[in-house]
**Student:** 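Here's a structure for you.
Every number for a ligand or one of its atoms is a count from 1 in the order of the listing. Worth saying up front: this structure is predicted, and the values here are computed from it rather than measured.
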Amino acid sequence: MDALAPVGSKDKSEALVRRYGATIPPAGPWNETIASMLDHRSVRGYKPDPVPPGTLETLIAAAASAATSSNMQWWSAIAVSDPAKKKVLAKIAGNQKHIEQCPLYICWVADMSRNGRISDSEKTDFECLPWLETFMVACIDAALAAQNAVVAAESLGLQTLYIGAMRNDPVRVHKLLELPPKAFVVFGLCVGYATEQAAGEVKPRLPQSTVLHHERYDASKEASQRAVYDAEMSKFSSRHELQAATWTQRVLNRLGPIKSMNGRERMRTALAALGFEIR
Ligand SMILES: Cc1cc2nc3c(=O)[nH]c(=O)nc-3n(C[C@H](O)[C@H](O)[C@H](O)COP(=O)(O)O)c2cc1C
């Protein structure tokens, strides 16, 4: 199929307006995969309906199909369905009830333990293991895998929500899920069907001219572009009764006071407790 064919082109401009508001980028190729990706929104309320049989395995196959640094496959996933465990995880995440509601909750693990075990079985010292670079690669691999699962889930009509708040207390999450040393839940992921009230709408993003640079980094128009985005986000916030009206205010709230880190400022200590030696 010609990606530039007029099929769905009306949907394309509508999708771009939903994503960018007034500052839409020039039209380009389009297809159903891209349409599904541009329609992404995080969902914070789920029906109790289960996901169809085999969904978890399909999402994991999509996750496993993501590129992975040197094919090291530094990630694992833990599907959690035990209500008691989900309750504890929801509490760790600052009482995010959707963790308990969603029919499928997957914890994505930066897993340096599995490859570490090869070092033991092969009786070879892995000099490359205890470095920040290797830890970063494990987190990157876990994120790429999870995002493939998100794209797959959304293409099946399911909705999702990342839960970074698993990192509020990595040690407790680690114990609860009986992870080995050198394994760390980077985030959780709710998967399920949105309730009508929670179906939500596409959240606008910064103009492309703010994030896309050509040949060299250029922030000269950033302030004026941010004002345009703030106006866009103000409209979105008033429709959704969000605390921070503008994006600038959201950044100030999130990055200003240390309390907004919800304990994550102790990450270095937590990682050391989980057996990560990060040089
Ligand atoms: C790694 C990661 C962690 C996140 N953690 C949470 C979370 O704990 N709780 C939550 O409500 N949303 C969480 N989100 C969702 C973001 O708030 C959301 O993606 C962002 O506001 C953009 O909205 P959208 O996904 O609807 O486009 C997380 C997103 C990412 C990528």
Side-chain angles (χ1 to χ4, degrees), residues 15-21 34-46 63 66 75 77 80 86-102 105-110 136 138-155 158-170 172-173 184-192 194-195 197-208 210-211 229-230 232-237 239-255 259-265 267:
L16 287 169
V17 168
R18 278 198 294 271
R19 183 56 74 202
Y20 287 111
I34 298 166
S36 175
M37 291 167 93
L38 264 80
D39 199 46
H40 159 80
R41 71 281 308 265
S42 291
V43 160
R44 297 179 178 82
Y46 291 89
W75 62 275
V80 183
K86 284 169 103 192
K87 196 171 183 177
V88 177
L89 293 173
K91 195 153 181 243
I92 291 170
N95 296 319
Q96 297 199 49
K97 290 287 172 207
H98 26 265
I99 297 174
E100 291 178 70
Q101 283 172 356
C102 67
Y105 188 68
I106 308 172
C107 288
W108 296 88
V109 181
M136 282 172 63
C139 293
I140 292 166
D141 267 15
L144 294 178
Q147 181 57 21
N148 255 22
V150 165
V151 171
E154 291 176 347
S155 76
L158 290 157
Q159 282 82 31
T160 63
L161 177 68
Y162 279 105
I163 303 290
M166 291 295 92
R167 300 191 306 275
N168 289 357
D169 193 345
R172 202 156 161 222
V173 173
F184 158 67
V185 172
V186 188
F187 42 68
L189 185 72
C190 302
V191 182
T195 59
Q197 310 86 290
E201 79 176 288
V202 166
K203 189 184 280 182
R205 292 292 194 264
L206 286 163
Q208 278 203 0
T210 304
V211 301
Y229 183 52
D230 274 343
E232 205 61 58
M233 278 305 292
S234 280
K235 287 187 261 167
F236 180 91
S237 302
R239 285 198 296 276
H240 294 270
E241 296 170 10
L242 295 181
Q243 257 182 335
T246 64
W247 185 70
T248 300
Q249 191 56 52
R250 168 95 186 133
V251 173
L252 293 173
N253 294 353
R254 180 66 184 77
L255 301 183
K259 73 173 168 40
S260 73
M261 289 196 78
N262 293 314
R264 299 183 215 176
E265 69 279 11
M267 189 58 63

**Student:** Can you list the residues that meet the salt bridge (charged side-chain N to carboxylate O under 4.0 Å, His left out) rule with Arg19, with sequence neighbours excluded?
**Tutor:**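 Per chain and number, Arg19 pairs via salt bridge (charged side-chain N to carboxylate O under 4.0 Å, His left out) with no residue.
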**Student:** Counting N and O atoms only, with roles assigned by atom type, does the side chain of Ser237 sit under 3.5 Å from a partner on the main chain of Ala244, one being a donor and the other an acceptor?
**Tutor:**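 At least one qualifying donor-acceptor pair exists.
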**Student:** In terms of side-chain heavy atoms, does Gln147 have a donor or acceptor partner in Tyr162 at a distance below 3.5 Å?
**Tutor:** yes
**Student:** Using a strict cut-off of under 4.0 Å between a residue heavy atom and any atom of ligand 1, list the qualifying protein residues by chain and number.
**Tutor:** His40, Arg41, Ser42, Arg44, Gln96, Leu161, Tyr162, Ile163, Gly164, Ala165, Phe187, Lys203, Arg205
**Student:** Identify, with sequence neighbours excluded, every residue that meets ring-ring contact (aromatic ring centres under 6.0 Å, His included) alongside Tyr20.
**Tutor:**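 Expected list: none.
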**Student:** Identify the residue among Arg41, Arg239, Lys235 that makes a salt bridge (charged side-chain N to carboxylate O under 4.0 Å, His left out) with Glu201.
**Tutor:**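 The passing option is Arg239.
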**Student:** Can you list the residues that meet the side chain to side chain contact (heavy atoms under 4.5 Å, CB included) rule with Arg172, with sequence neighbours excluded?
**Tutor:** Val88, Ile92, Asp169
